[in-house]
Asks: 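The structure's right below; bear with me while I get my questions together.
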Amino acid sequence: MQEHIRQGLMKEIPITAFPGIRIGQVENAEAGTGCTVFLCPEGMRAGLDVRGGGPASRDSQLLNPLMAAERVHGILLGGGSAYGLGASDGVMRYLEEKRIGLAVGDMIVPLVCQSDIFDLTVGDGNVRPDPAMGYEAARQAMEAPNYRDGNFGAGCGATVGKTAGMEHCMKSGIGSFAIRLGDLMIGAVAVVNALGEIRDPDNGVRIAGVRNGENSGFLSTLDLMAESAEGNGEPGRPAENTTISVLMTNGRFEKAALCKLAGMAHDGYARAIRPVHLSMDGDSIYAVSLGIVPADMDLVGALGAEVMSRAIVRGVTSAERAYGYPAARDLGFSKIV
């Protein structure tokens, strides 16, 4: 992909360039948590693919192709694990006030889906995203969109490399990457809170993970898991971890195809996160269609996996040291992929 960008076949674009969607972020930096809200006043076609075994989510079934809802009005990525799922109440209240949602008689019912990461061991675990934070993130999205990569929004309390305990982990964050190919746009936003290590998808080099005792390099996540296994082969179970993302395109796709695109984008997870999709993870990808550009599903899915892997890397390389945890840039990995 980078070669195609250099040759001019593709062009890197900001994630905020997509039409019809607005992104707002709010974080409590002291507590180490926050949320990122994606709003589409006209409604967006959306699908979902969950590969982790322990998701914290809300209204996921709306995106099942068998369900009646054809569009949703918002997606919230947040912290707080299951405790943070009430943040969507605030998003719904804001949208209801603006009369944005599904008309049901004289009432308006905004359709908002949500997925959360586990960030309760960072900062103050007693503070979680709540309806007030969700409301403010929605207000920001509609009135003053403020998306940034790094320690912002849902990425505020994100960390990676936790197999040997939090004392060896690294600070991560939220990252984005997007491209344009002719009229077609494809992009991703990823909140990177993985148990394991993050690798450059082009060469497999570790750029974040479990730090060794001298902070001079990384320990192998899989080796640590194997070493911690008991006689029955069961490794110790660390706290829940999750990478949650939104894949977006202006290509026209319906719900079933978007679920497939979300599934294909999980290849991007596998290229950049090792290991991934574990039983205590909540790894989830939403895919949304924001336009009417004719597009081939296989092409968008293949490119979607590419932009997803780069959004994950950017979530790591754009993060800054916080809560006593160093970031990739502190160990010399400051290049934005």
Side-chain angles (χ1 to χ4, degrees), residues 1-6 9-15 18 36 48-52 77 115 117 149-150 154-155 158-161 170 172-181 184-209 218 221-222 241-249 251 258 260-278 281-288 297-319 327-329 333-337:
M1 174 176 286
Q2 293 298 101
E3 183 63 28
H4 288 160
I5 291 175
R6 286 191 291 269
L9 299 176
M10 300 177 189
K11 179 182 178 182
E12 184 180 350
I13 58 175
I15 199 69
F18 283 77
T36 302
L48 171 66
D49 191 289
V50 180
R51 298 286 174 93
L77 306 181
S115 290
I117 65 168
D149 294 330
T159 52
V160 297
M170 294 178 64
S172 183
I174 190 170
S176 65
F177 193 88
I179 59 168
R180 179 190 290 274
L181 176 62
L184 179 64
M185 302 165 67
I186 307 167
V189 174
V191 182
V192 188
N193 193 57
L195 165 73
E197 58 207 37
I198 307 302
R199 296 184 180 234
D200 185 323
D202 291 326
N203 55 30
V205 172
R206 291 186 183 96
I207 59 174
F218 304 113
T221 299
L222 283 178
N241 300 278
T242 292
T243 298
I244 50 179
S245 307
V246 175
L247 176 73
M248 56 186 73
T249 180
L258 288 164
K260 176 61 176 176
L261 290 174
M264 295 176 74
H266 274 286
D267 289 351
Y269 275 27
R271 292 168 192 165
I273 304 171
R274 301 183 193 176
V276 71
H277 303 149
L278 302 180
D281 292 340
D283 297 323
S284 304
I285 297 178
Y286 296 88
V288 301
M297 184 177 69
D298 291 333
L299 174 63
V300 173
L303 292 176
E306 292 287 332
V307 300
M308 184 63 71
S309 65
R310 283 159 174 76
I312 290 168
V313 170
R314 187 162 286 175
V316 168
T317 57
S318 62
R329 62 180 61 192
F333 297 103
S334 59
K335 181 181 178 182
I336 302 296
V337 176

Asks: Any side-chain heavy atom of Thr243 within less than 4.5 Å of one from Val276?
Replies: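 SC-SC contact between Thr243 and Val276 ruled out.
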
Asks: So, the side chain of Ser172 versus the backbone of Val192: is there a donor-acceptor pair under 3.5 Å, distance only?
Replies: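 Present.
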
Asks: Start with the C-alpha distance between Val313 and Phe177, add both sets of side-chain angles, then the distance that settles side chain to side chain contact (heavy atoms under 4.5 Å, CB included), and finish with yes or no.
Replies: CA-CA 9 Å; Val313 170; Phe177 193 88; over 6 Å; no

Asks: Which residues satisfy the side chain to side chain contact (heavy atoms under 4.5 Å, CB included) test with Ala265, sequence neighbours excluded?
Replies: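 Once residues adjacent in sequence are excluded, the partners of Ala265 under the side chain to side chain contact (heavy atoms under 4.5 Å, CB included) criterion are Leu247, Ile285, Met308.
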
Asks: Which heavy-atom pair separates Ala158 from Asn193 by the least distance, and what is that distance?
Replies: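 Looks like CA-OD1, 3.4 Å.
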
Asks: Are the side chain of Ser309 and the backbone of Ala272 linked by a donor-acceptor contact shorter than 3.5 Å?
Replies: no

Asks: When rounded to the nearest 0.5 angstrom, what distance separates CG in Leu195 from OG1 in Thr159?
Replies: 9.5 Å

Asks: What is the minimum heavy-atom distance between Gly187 and Phe18, and which atoms define it?
Replies: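 Smallest heavy-atom distance, with atoms named: N-CZ, 3.4 Å.
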
Asks: Just jot down the side chain to side chain donor-acceptor pair (under 3.5 Å) partners of Ser284, sequence neighbours excluded, or say none.
Replies: none

Asks: Taking all non-hydrogen atoms of both residues, which atom of Ala208 and which atom of Val160 are closest, and how far apart?
Replies: CB-CG2, 3.9 Å

Asks: Would you call Asp202 and Arg310 a side-chain contact if the rule is heavy atoms closer than 4.5 Å?
Replies: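 Yes; the side chains approach each other to less than 4.5 Å.
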
Asks: Under 3.5 Å, is there a donor-acceptor pair between the side chain of Thr249 and the main chain of Met185?
Replies: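 Such a contact is found between Thr249 side chain and Met185 backbone.
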
Asks: Let me confirm one number: the OG-CG distance from Ser318 to Asp149, rounded to the nearest 0.5 Å.
Replies: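 Taking OG in Ser318 and CG in Asp149, the distance rounds to 4.5 Å.
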
Asks: Specify the closest pair of heavy atoms between Ala262 and Leu48, including all atoms of both residues, with the distance to one decimal.
Replies: CB-C, 4.1 Å

Asks: Please find the pair of heavy atoms, one from Ala319 and one from Ala327, that lie closest to each other, and give the distance.
Replies: O-CB, 3.4 Å

Asks: Hey, does Met248 have a side-chain heavy atom less than 4.5 Å from the side chain of Ile15?
Replies: yes

Asks: For the atom pair OG1 (Thr317) and CD1 (Ile198), what is the distance rounded to the nearest 0.5 Å?
Replies: 10.5 Å

Asks: Say you draw a straight line from CE of Met170 to CD1 of Ile207; how long is it, rounded to the nearest 0.5 Å?
Replies: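 Output value for this atom pair is 8.5 Å.
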
Asks: Is the backbone N or O of Arg51 less than 3.5 Å from a side-chain atom of Asp283, with the two atoms forming a donor-acceptor pair by type?
Replies: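 Pair absent, no side-chain N/O of Asp283 close to backbone of Arg51.
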
Asks: So, the side chain of Arg199 versus the backbone of Arg271: is there a donor-acceptor pair under 3.5 Å, distance only?
Replies: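 Not a single qualifying donor-acceptor pair exists.
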
Asks: What closest approach, in Å, do Ala190 and Ile312 show between heavy atoms, and which atom pair accounts for it?
Replies: CB-CG1, 3.9 Å

Asks: Can you tell me how far the CD atom of Glu197 sits from the CD1 atom of Ile273, to the nearest 0.5 Å?
Replies: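 Going from the CD atom of Glu197 to the CD1 atom of Ile273 covers 11.0 Å.
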
Asks: Between the main-chain N or O of Thr242 and the side-chain N or O of Asp281, is there a donor-acceptor pair closer than 3.5 Å?
Replies: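 Judged by distance alone, no pair lies under 3.5 Å.
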
Asks: Side chain to side chain contact (heavy atoms under 4.5 Å, CB included) for Ile179 and Glu306? Distances and angles first, verdict last.
Replies: CA-CA 10 Å; Ile179 59 168; Glu306 292 287 332; over 6 Å; no

Asks: Between Lys260 and Asp298, is there a salt bridge with N-O shorter than 4.0 Å?
Replies: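 Judged by the 4.0 Å cut-off on N to carboxylate O distance, Asp298 and Lys260 do not form a salt bridge.
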
